[in-house]
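To start, the structure itself, in structure tokens.
Atoms within a ligand are numbered from 1 in the order they appear, just like the ligands themselves.
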Amino acid sequence: MSVSIVSTQPFSDQKPGTSGLRKKVPVFQQPNYLENFVQSIFDSIEAPKGATLVLGGDGRYYNRSAIQVILKMAAANGFGKVMVGQGGILSTPAASCVIRKHKTFGGIILSASHNPGGPDGDFGIKYNGSNGGPATETVTEAIFAKSKTISSYCILDAADVPLDTLGTSTLGGMQVQVIDPVSDYAELMESLFDFAAIRALLQGGFNIKFDAMHAVNGPYAKEILEKRLGATLGSVMNAVPLEDFGGGHPDPNLTYAHELVEIMYGDNAPDFGAASDGDGDRNMILGKHFFVTPSDSLALLAANATLVPAYQKGLAGIARSMPTSAAADRVASALNIPCFETPTGWKFFGNLMDAGKVTLCGEESFGTGSDHVREKDGLWAVLFWLNILAARKQSVEDIVRQHWAKYGRNFYSRYDYEGLPTEAANGLVQHLRDNFAALTGKQFGKYTVANCDDFSYTDPVDGSVSKNQGIRILFTDGSRIIFRLSGTGTEGATLRVYLEAYEANASFHHLDAQVALAELIQIAMLVSELKQRTRREKPTVIT
Ligand code: G1P
Ligand code: ZN
């Protein structure tokens, strides 16, 4: 077997976002495209000769081909070993778990998260460091810089590596160890939660439904929920991972997980429902005829954490992304622990967790996690909820309503405008930037603007500053409107409008969120000139 040094052209495409490089499959299929990016990673991470990498993905279309290319390039670049999930599969949290457990140098995760897959769908690749979390800004900058000057890459001329049987083989001078994608992760979950109590809950007739959305978590949920915890067979639906997710959009929200939503709002609804996304890091939690917002979910997990063995001693702190509702802040203040507000994207949590400043973290975008790994973790959140339900022996709805009664309710909703012309989206944000200073003190009905800004974050651990993270309109009663452009969309621009209204008075807690937020929505439309600028009457998705 020999190493080829293939000459190539730089691709100065774009800087990889917070979630790595995400593009349509045909873009990745262009000659040398994937190879350029992988070589740029290897040239940037300064791995010592013989280092070990973890490799796996969410099983979407192009996963298998990409894995073969990466293995051959890792061998040619002097890695000693790659631990790859069987069939090329590893959920994002499981990859993080394996990196940490086996103390590897890092890992490469292939996924476009919740974006649709298939030959015309999305694909993605990202590098995670030895803490199991997404690469730091310094590393992604270095990868981007390399990708602009790259002139060749190294690849081993070898036959494909069989990925379907467990065991170790060699590829040139490198070992390839095909590992069970589920076992390390399942073991970690068993060490965190009270499996006996959850088993007893499920045996007592508590019905659950988990929608794996034909994505990576199917085998994880089957093993953990059905096999280890004894949930009735069939509790996991859409359990077989498919390269195109069965044509669906594997994003666990009320719009895209409609099959589960219909079951949970139908006759004879189960007691608990949940779904996770393409790569298994997001989660949606439902009770019987009841939806738990991700922001409330984070606050609830924090408020009930001591019921879970792993968090029995309490939390060091909580972190939430800026657009996530302030429900968690209220719990943190009651617990007398710090609450950090970070820019959108998981990597900001990693620093805080590595420094021991926070235990739980979450985002409004259906992401929740803790310091057990350095990614958000869908199934972990489901198990956390089941552990609380087993301990409290109340319904999901009762637990949430009691929480609101104690802390007040943060009504919350996010409006997404997908596929906008880039100029229209940028123009709208610029318009807000140019005008927000004048909004301070202005009154709109019952709301008075306290302050407006473009969110900026100074990392308390490394001092790095992230600017322009979203326009915030903050009202005197704690309500907020936030505008920000998505960093993960792959078609045109996606504008997100986040709406939050705080209501302390329990006699209003029964209101529908859209009703409670109606006035704020109007203010958002007015100040942003959204309809005129985007020509959209309605958002693409409301969550
Ligand atoms: C979206 C979510 C964000 C999440 C990211 C990766 O990013 O809003 O919370 O961290 O996906 O899952 P966005 O498209 O808004 O940049
Ligand atoms: Zn994801």
Worked verdict on Thr543 versus Asn253 for side-chain hydrogen bond (donor to acceptor under 3.5 Å, both in side chains):
CA-CA 7 Å; Thr543 47; Asn253 60 40; 5.8 Å; no
Atom indices of ligand 1 within 4.0 angstrom of Lys376 heavy atoms, with elements:
4 (C), 6 (C), 10 (O), 12 (O)
Show all protein N/O/S atoms under 2.8 Å from the Zn ion (ligand 2), or state that there are none.
Ser113 OG, Asp277 OD2, Asp279 OD1, Asp281 OD1
In ligand 1, which numbered atoms sit nearer than 4.0 Å to a non-hydrogen atom of Ser365?
2 (C), 3 (C), 4 (C), 8 (O), 9 (O)
Pairs of nitrogen or oxygen atoms closer than 3.5 Å, one from Ser113 and one from ligand 1: do any exist?
no
CG on Leu517 to CD1 on Ile542, rounded to 0.5 Å
10.5 Å
If you look at every heavy atom in Glu529 and His431, which pair is closest and at what distance?
OE2-CE1, 3.4 Å
salt_bridge(Asp329, Arg320) N-O dist < 4.0 Å
yes
Looking at Arg64 and Glu243, does any basic side-chain N land under 4.0 Å from a carboxylate oxygen?
no
Would you say Tyr498 has any N or O atom under 3.5 Å from an N or O of ligand 1, going by distance alone?
no
Under 4.0 Å from any heavy atom of Gly487, which atoms of ligand 1 are there?
13 (P), 14 (O), 16 (O)
With sequence neighbours left out, the residues meeting salt bridge (Lys or Arg N to Asp or Glu O under 4.0 Å) with Lys376 are Glu363
Could Lys23 and Asp122 be called an ion pair, given the rule that one side-chain N must be under 4.0 Å from one carboxylate O?
no
Tell me the salt bridge (Lys or Arg N to Asp or Glu O under 4.0 Å) pairs involving residues 454-475, sequence neighbours left out?
Glu341-Arg472, Arg433-Asp454, Asp453-Arg472
Would Gly345 count as a contact residue for ligand 1, given that I'm defining contact as a non-hydrogen atom of the residue lying under 4.0 Å from a ligand atom?
yes
Taking only heavy atoms of Arg496 into account, list the atoms of ligand 1 that are under 4.0 Å away from them.
8 (O), 13 (P), 14 (O), 15 (O)
Intermediate values then yes/no, side-chain hydrogen bond (donor to acceptor under 3.5 Å, both in side chains), Ser370 and His372
CA-CA 5 Å; Ser370 88; His372 69 290; 2.7 Å; yes
Think Arg330 forms a cation-pi with Tyr502, using NZ or CZ under 6.0 Å from the six-ring centre and within 45 degrees of its axis?
yes
For ligand 1, note which part of Met322 has a heavy atom under 4.0 Å away: side chain, backbone, both or neither.
neither
Ignoring angles and geometry beyond distance, decide whether Arg22 reaches within less than 3.5 Å of ligand 1 through its nitrogen or oxygen atoms.
no
State if Lys347 counts as touching ligand 1 under the rule of any non-hydrogen atom under 4.0 Å.
no
Quick one, Ile482 with Glu500, criterion side-chain contact (heavy atoms from CB on, under 4.5 Å). Give me CA distance, side-chain angles, the key distance, then yes/no.
CA-CA 9 Å; Ile482 291 142; Glu500 175 180 0; 5.7 Å; no
Which residue pairs pass the salt bridge (Lys or Arg N to Asp or Glu O under 4.0 Å) test when at least one of the two sits in residues 409-431, sequence neighbours left out?
Glu364-Arg414, Arg414-Asp416, Asp416-Arg496
Contact atoms of ligand 1, heavy-atom distance to Arg414 under 4.0 Å
8 (O)
Under 4.0 Å from a heavy atom of Arg484: give me the atoms of ligand 1 that qualify, with their elements.
13 (P), 15 (O), 16 (O)
